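Note sheet for the following structure.
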Amino acid sequence: MNPIKMRRVAKLIALAIGVLCLSSCGGSSSSGSNSGASGGVGEPSNDRLEPGLQGQIPLAEQLNGNAAEGYRKGLRLVGENTILDRGANFSMAWLDDCAYITTTSPGQIFGPASSPYIDPQYSALNGMAVIDASDPENPELIDILQSPAMIAPHESIQANQARHIIVATRGGGTALDVYEAIDCRKPILKASVNIGIGITLPPLPDLPGGIGSIDQGLAFMGHAMCITDDGLTAYATSSAQSNAVIDLTDLEDPKLIQLYSPASHDCGLNPEGTRLYQANFGFVSLGLGLPNGPAVGQNGLMILDVSGFQDRSTPPSPFLFGTQPPLIGFLGWSNLMDGEAPTAGSHTARWFKNGGRTYVYSSDEWPTAGVCPWAHSRIIDITDEANPVLASDIVLDVNKLENCAQTEIDIANYSAHYVGFDDVNNATTLFMSYYTGGLRVWDIHDPANPFEIAYWHPAPNPDVPTVLLAEGFGSSADRWDAVATYIRYRPETGHIWIAGYSAGFQILEFTRSAGSTVPKPTGQ
């Protein structure tokens, strides 16, 4: 074994011992399986099946190098762009033939020591990468744009097709950037303003490349966002402090309508823009002693009537803070009682329809290694808005308490994250990003009985620097890759867009082994 590989193995063993010392879960061991991967016609020449539990990248496979080749079922790669091997690709939005991919490195969250760059927030590689995917087999990097929010937007980047705009808030800060992209390849910054109350710390002492000043939010801390279909109103979330309601009517002069509590981790909207679906991250609020949800610190889904913001009958608050929009319905849950890690919290809430009924996809999250059994997702029936009910849980084998003895030793993060649909107005296929679990694809023709049909673990990019803390947060770079972004399905081509933390932008398509229930491209 060469010295480099010996050091890598030693590092992995040390990390595994550290994780076991920090946390442990009981439960009996069970044999490896591919449960949930159902309904396909085998294609052994293309598929490379997971060797362990559903969603798992076993430590042994990391050590022997097999995991670095990626795993897949029912999907194949059409084209990719590594975005200059920068890594830290965490969020994605899109317009027309273009993808917009932003970074969240461990350095942006945990400090410069854990960044692959001297300057974690102002490296030339950080920012909004503009990808032209008009040639799916050869997507082209056009530019990397930097502005106060886009330099570190965490999960907030969102695009709106109706107005051809791209919007983001600064992760943890108050900056709000608004771009217009009539030509999707050439976004133009129309406004960069600050919302809420925050402080801008003086520049830190000069280092090579400079770290610059830090935008620290107080009343509002940017985290994620959702935008109405007409592109006129944005809801910026901050997990623990407050949500911001923003008027985007004038792109050059966006206005804060008000802040309100409780905060949410992320949010979704109905097509009319009159209902806001809040994912309340109860764990964070409990930790900070702040209320979140109808019960203090409770995880759950809030359904709020925001028609007053949509039609502007609710005037801007003269006192920065306003009252919470009227509550229509609420469904809460306990992470522990729901079979999740004690740190898990409600994360994502996105609207869709199926068979004449209305639903919200809701995922929980806790994005680090060593917190078995991590967090899973669920489908909630909101046809009766006042009485939302659980339709089904979506649980991978890696999310089961009885499998913790097998998964806890992996240097990996098996938490659910974001989502995509084949057609939100009649969804039959659900796409989920699952960090180390990769991209998961589920048949939801019957939302009460979903089943998995395909998955994709990108092969990690060994040219991306391996950094401190990335092992549990994003990607190992040289052993496995993570998928954390929203997912785009293009019905005209059948292509699926994702971004891997180290692999970069990728375009996929279904193969025969995904089965006969996958959506058929409308352009064929």
Side-chain angles (χ1 to χ4, degrees), residues 75-86 89-103 125 127-147 150 153 156-168 177-190 225-231 248 251 271 350 418-425 427 429 431 433 439 441 456 458 483-501 503-511 518-524:
L75 292 165
R76 78 169 191 93
L77 183 67
V78 176
E80 64 181 345
N81 188 294
T82 65
I83 315 180
L84 302 177
D85 303 325
R86 69 178 182 178
N89 302 298
F90 199 74
S91 295
M92 181 178 72
W94 52 83
L95 294 171
D96 300 325
D97 288 328
C98 296
Y100 309 103
I101 301 166
T102 54
T103 51
L125 295 179
M128 180 174 70
V130 180
I131 304 283
D132 178 0
S134 55
D135 179 356
E137 295 184 0
N138 297 285
E140 178 187 1
L141 175 64
I142 302 300
D143 204 350
I144 297 178
L145 302 178
Q146 297 188 329
S147 50
M150 286 298 183
S156 68
I157 184 171
Q158 294 287 312
N160 174 262
Q161 188 68 44
R163 299 185 70 197
H164 277 79
I165 59 175
I166 313 157
V167 184
D177 290 349
V178 181
Y179 285 79
E180 186 176 43
I182 302 303
D183 178 346
C184 75
R185 294 163 46 98
K186 301 176 181 178
I188 298 171
L189 183 64
K190 305 295 287 186
M225 184 182 291
C226 55
I227 303 178
T228 55
D229 282 4
D230 62 13
L248 297 175
L251 298 181
R350 288 289 161 148
Y418 276 127
V419 67
F421 305 95
D422 58 332
D423 178 359
V424 293
N425 293 303
T429 306
F431 304 88
S433 55
L439 169 68
V441 187
W456 177 267
V483 181
T485 62
Y486 277 108
I487 302 104
R488 182 186 193 183
Y489 176 77
R490 300 201 72 174
E492 66 275 19
T493 63
H495 289 161
I496 303 153
W497 291 13
I498 63 170
Y501 193 90
F505 177 65
Q506 294 191 329
I507 299 177
L508 313 174
E509 68 180 6
F510 286 114
T511 65
V518 298
K520 303 301 187 291
T522 59
Q524 295 181 5

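Quantities reported herein were computed from a predicted structural model and do not represent experimental measurements.
Counting only heavy atoms from C-beta outward, the side chains of Pro521 and Thr493 never approach each other to under 4.5 Å. Val441 places a side-chain heavy atom less than 4.5 Å from the side chain of Leu75. Residues Ile166 and Leu95 have side chains in contact (heavy-atom distance under 4.5 Å, counting atoms from C-beta outward). In this structure, the side chains of Phe510 and Ile496 come closer than 4.5 Å at one or more pairs of heavy atoms. Two residues are said to be in side-chain contact when any heavy atoms from C-beta on lie closer than 4.5 Å; Ile498 and Phe505 fail this criterion. Met128 is not listed as a side-chain neighbour of Ile144, based on a closest heavy-atom distance of 4.5 Å or more. The closest side-chain heavy-atom distance from Ile487 to Ser433 is below 4.5 Å.
Listed by chain and number, the residues in a side-chain hydrogen bond (donor to acceptor under 3.5 Å, both in side chains) with Glu180 amount to none (sequence neighbours excluded). Scored by the salt bridge (Lys or Arg N to Asp or Glu O under 4.0 Å) test, Glu80 finds no partners at all (sequence neighbours excluded). Taking the side-chain contact (heavy atoms from CB on, under 4.5 Å) definition, one finds that Ser156 meets it with Pro153, Ala168, Thr169, Met225, sequence neighbours left out. Qualifying side-chain contact (heavy atoms from CB on, under 4.5 Å) partners for Ala427, counting only residues two or more places apart in sequence or in other chains: Phe352, Phe421, Asp422, Ile444. Every salt bridge (Lys or Arg N to Asp or Glu O under 4.0 Å) that Asp132 has, sequence neighbours left out, goes to Arg185. The ring-ring contact (aromatic ring centres under 6.0 Å, His included) search around Tyr489 returns Phe431, not counting sequence neighbours. In this structure Asn138 satisfies the side-chain contact (heavy atoms from CB on, under 4.5 Å) test together with Asp135, sequence neighbours excluded. Residues passing the salt bridge (Lys or Arg N to Asp or Glu O under 4.0 Å) test with Asp97 are Arg490, sequence neighbours excluded. Annotation: side-chain hydrogen bond (donor to acceptor under 3.5 Å, both in side chains) contacts of His164 (sequence neighbours excluded): Asp96, Gln161. Applying the side-chain hydrogen bond (donor to acceptor under 3.5 Å, both in side chains) test to Ser147 and every residue at least two apart in sequence or in another chain returns Asp177, Tyr179. The side-chain hydrogen bond (donor to acceptor under 3.5 Å, both in side chains) search around Trp497 returns none, not counting sequence neighbours.
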* **side chain to side chain contact (heavy atoms under 4.5 Å, CB included) assessment of Thr522 paired with Lys520** => CA-CA 6 Å; Thr522 59; Lys520 303 301 187 291; over 6 Å; no
* Go through the steps to decide whether Leu508 and Leu77 satisfy the test side chain to side chain contact (heavy atoms under 4.5 Å, CB included), and finish with yes or no. => CA-CA 5 Å; Leu508 313 174; Leu77 183 67; 3.8 Å; yes
* Arg350 and Tyr486: side-chain hydrogen bond (donor to acceptor under 3.5 Å, both in side chains), yes or no, with the steps? -> CA-CA 11 Å; Arg350 288 289 161 148; Tyr486 277 108; 2.9 Å; yes
* To do: Using the side chain to side chain contact (heavy atoms under 4.5 Å, CB included) rule, take Met92 and Tyr418 through it: C-alpha gap first, then chi angles, then the decisive distance, then the call.
  => CA-CA 11 Å; Met92 181 178 72; Tyr418 276 127; over 6 Å; no
* To do: Dump the intermediate steps for side chain to side chain contact (heavy atoms under 4.5 Å, CB included) on Glu140 and Ile131, then the final yes or no.
  => CA-CA 5 Å; Glu140 178 187 1; Ile131 304 283; over 6 Å; no
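Shortest non-hydrogen contact noted between Pro139 and Asn81 is O-ND2, 3.0 Å. The two residues Tyr100 and Pro187 make their nearest non-hydrogen contact at CE2-CG, 3.7 Å. Shortest non-hydrogen contact noted between Arg86 and Gly127 is NH1-O, 3.2 Å. Smallest separation of non-hydrogen atoms from Ala503 and Pro458: CB-CB, 4.0 Å.
Looking only at distances, a side-chain donor or acceptor of Arg163 sits under 3.5 Å from a matching main-chain atom of Gly231. No side-chain donor-acceptor contact under 3.5 Å links Ser91 to the backbone of Ile157. A donor-acceptor contact shorter than 3.5 Å is absent between the side chain of Asp143 and the backbone of Leu145. A donor-acceptor pair under 3.5 Å is formed between the side chain of Asn160 and the backbone N or O of Thr228. Side-chain atoms of Thr429 never come within 3.5 Å of backbone atoms of Val518 as a donor-acceptor pair (strictly under, hydrogens ignored).
Summarising the local packing, NZ of Lys186 is surrounded by 12 or fewer heavy atoms from other residues, nucleotides or ligands at distances under 6.0 Å.
The distance from atom CD1 of Ile165 to atom CD1 of Ile182, rounded to the nearest 0.5 Å, is 10.0 Å. To the nearest 0.5 angstrom, Ile507 atom CD1 is 9.5 Å from Arg488 atom CZ. The line from CG of Leu439 to CD of Gln506 is 10.0 Å long, rounded to the nearest 0.5 Å. From Asn89, atom CG reaches atom OG1 of Thr82 across 9.0 Å, with rounding to the nearest 0.5 Å.
With Leu125 as the partner, the side-chain contact (heavy atoms from CB on, under 4.5 Å) test is satisfied by one option alone out of Leu84, Ile83, Thr103: Leu84.
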